[in-house]
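Below: one structure, written as structure tokens.
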Amino acid sequence: MSEYIIEMRNITKVFPGIRANDDITLQLKKGEIHALLGENGAGKSTLMSVLFGLYQPESGTILKDGQVVKINNPNDANALRIGMVHQHFKLVEVFTVLENIILGAETTSMGLLEKKAARKRVVELSEKYGLKVNPDAMVEDISVGMQQRVEILKMLYRNNDILIFDEPTAVLTPQEIDDLMEIMRGFAKEGKSILFITHKLNEIMAVADRCTVLRKGKCMGTVDIANTTKEELSRMMVGRDVSFEVEKKDIEVGNVVLEVRDVTVASKVHKNNAVKNVSFDVREGEIVCIAGIEGNGQTEFIQALTGLEKIASGSVRLYGRELKPLSIRQRARSGMAHIPEDRHKHGLVLDYTLEQNLVLQRYWTDEFKKWGFIKNRAVRAHAKRLIEKFDIRSGQGPITIARSMSGGNQQKAIIGREIDRNEPLVVAVQPTRGLDVGAIEFIHQQLVQVRDSGRAVLLVSLELDEVMKLSDRILVMYEGEIVGEFDPKVTTVQELGLYMAGGKRQNKAKEA
């Protein structure tokens, strides 16, 4: 019997203008956690999509237990007990959580759907693995983190033995990530085999047995984690040394840019308010971070700030101008750039080209419009400049359809578009989600440059490491309230964790 439960031999996959996978061989052992590491656009998700039957390779073979298999579609993959948690969720938003989990694997009796038994099994799985969900909630109404749990439960529901996780921790809190690592270790002990795509070197070092590194579509080698370091992995991935520290000069604050007073935002999913009487300022020349466990009001607050949701009460002023009556476009034109949490829903028009997406916030300006018509040459030149400056990789350059790009390069396109607008306030929500270490280093540098140029940054991040390195001030949000304000130079991750979990709260005098 073969040593490997899955072998992908000499896989080549080509898209217009790009060789996504170039003669790649990957071997997965039974009971192994095997990490797949690479830059954005290196071909990791493409390779896993070939294994899951979403793409057909131009050449190469796939073996399961030593036998050649043909995987024409995801149904074939499921029949071989291969499951996949996708980086970009494959959920039907108008279905409930339960309906999404059982979709395609429904149990029927006399032609009727057996929902009761399915519900019982979903609840049991969610409790067993600490992935609690509300089976009756509509997917369109739940958080991004909750949608990730639904994707994982879809795979567990099908009893898959070979589990593909494509950036599964990108939308999870630090505690949820630790829990998922434990779950993965438990899967491996049960004899399940895991392919784990991630950009996070700490996660690879913590949980993986081996790691295969891809760079620009080619395999750079497979290493045993016990015999390597983060620095060696990052060099294999990007071809150079990467700094894991953020260099920034001492803070020099100026005038108040953003003034938030007693802001309350209603919740769409329950009767209680999602945001309750939040007040703070952000000044020129500083990065203020809102930290907290996902689902504690950060998303609703940012959506109210940027115009995606209504403010129930309170005041938000940008350089003294009240934002409440302004539309999203008016807020953007008043000096606010926004890197949104969900790049697909709020950041891009996926079926537009890259160059069209790069002028979404500016196409109506004189730079890109004349006599009511778009100046295509100006748009193309602008896109080429941002592609070069922010290293946005795409098969066909400016005319690449955004949907066809890797998640990390979609994110870089949004960040480049928003930072380049040179607005006095940049609202950055999970700006490095799904990015590799090289891209994270670059984006951190860009945000620090925004701050050092005298502009203001309001950062929302679930990555405590990022929070501690980038922030000049940290505000912790718990159950819709600011429960503490901290200086990253004197606080600790452990102290932040206590406030994030609701274990501690500063008094009102200190908050103010």
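No experiment lies behind these values; they were computed from the predicted model shown. Computed from heavy atoms alone, side chains included, the values below leave out hydrogens, waters and symmetry copies.
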| request: Salt-bridge test for R455 and E423: reply yes if a basic N is under 4.0 Å from a carboxylate O, no otherwise. | output: no
| Is the backbone N or O of L462 less than 3.5 Å from a side-chain atom of Q430, with the two atoms forming a donor-acceptor pair by type? | yes
| query | Closest heavy-atom contact between Q361 and A332? | reply | OE1-CB, 4.0 Å
| message | Can you see whether S334 engages R321 through a side-chain donor-acceptor pair at a distance of less than 3.5 angstrom? | response | yes
| query | Does a side chain donor of either N21 or T46 reach within less than 3.5 Å of an acceptor in the other side chain? | reply | no
| query | What distance separates L54 CG from M84 CE, expressed to the nearest 0.5 Å? | reply | 6.5 Å
| When the ring centroid of F196 is compared with that of H34, is the distance short of 6.0 Å? | no
| said: Rounded to the nearest 0.5 Å, what separates atom CD1 in I33 from atom CD in E203? | reply: 11.5 Å
| said: Assess the residue pair T432 and H444 against the criterion (side-chain hydrogen bond (donor to acceptor under 3.5 Å, both in side chains)); give the C-alpha distance rounded to whole Å, side-chain angles, the decisive distance to 0.1 Å, and a yes or no. | reply: CA-CA 8 Å; T432 59; H444 284 174; 4.5 Å; no
| request: Answer yes or no: are there more than 12 heavy-atom neighbours, outside K218 itself, under 6.0 Å from its atom NZ? | output: no
| To the nearest 0.5 Å, how far apart are CG in D420 and CG in L358? | 9.0 Å
| Any side-chain donor-acceptor pair under 3.5 Å between Y319 and E284? | yes
| note | Correct closest heavy-atom pair for L354 and S394 would be CD2-OG, 3.9 Å
| query | What class does the angle between the rings of F301 and F280 fall in, given that below 30° is parallel, 30 to 60° is tilted and above 60° is perpendicular? | reply | tilted
| remark: Smallest heavy-atom separation, T264 atom then N277 atom, equals OG1-N, 3.2 Å
| CG/L47 to CG/L36 distance, rounded to the nearest 0.5 angstrom? | 6.0 Å
| query | Are any of the side-chain nitrogens in R185 or E182 under 4.0 Å away from the carboxylate oxygens of its partner? | reply | yes
| Is the backbone of V278 close enough, under 3.5 Å, to the side chain of E481 for a donor and an acceptor to pair up by distance? | no
| query | Below 4.0 angstrom, N of the basic side chain to O of the carboxylate: do K13 and D22 qualify? | reply | no
| request: Rounded to the nearest 0.5 Å, what's the gap from CZ on R451 to CD on E252? Could you check? | output: 8.5 Å
| Rounded to the nearest 0.5 Å, what separation is found between the NZ atom of K44 and the CG atom of L195? | 13.5 Å
| field | Cationic N near anionic O, under 4.0 Å, R283 to E286 | value | no
| field | Backbone N/O of E479 and side chain of N296: donor-acceptor pair under 3.5 Å | value | yes
| field | Member of V133, I142, V85, L180 meeting the side-chain contact (heavy atoms from CB on, under 4.5 Å) criterion with R149 | value | V133
| query | What heavy-atom pair brings A402 and N357 nearest, and what distance separates the two atoms? | reply | CB-ND2, 3.6 Å
| said: Please find the pair of heavy atoms, one from R362 and one from R421, that lie closest to each other, and give the distance. | reply: CD-CG, 3.7 Å
| request: Step through the shown structure and confirm whether more than 12 heavy atoms of other residues, nucleotides or ligands are within 6.0 Å of CG on D366. | output: no
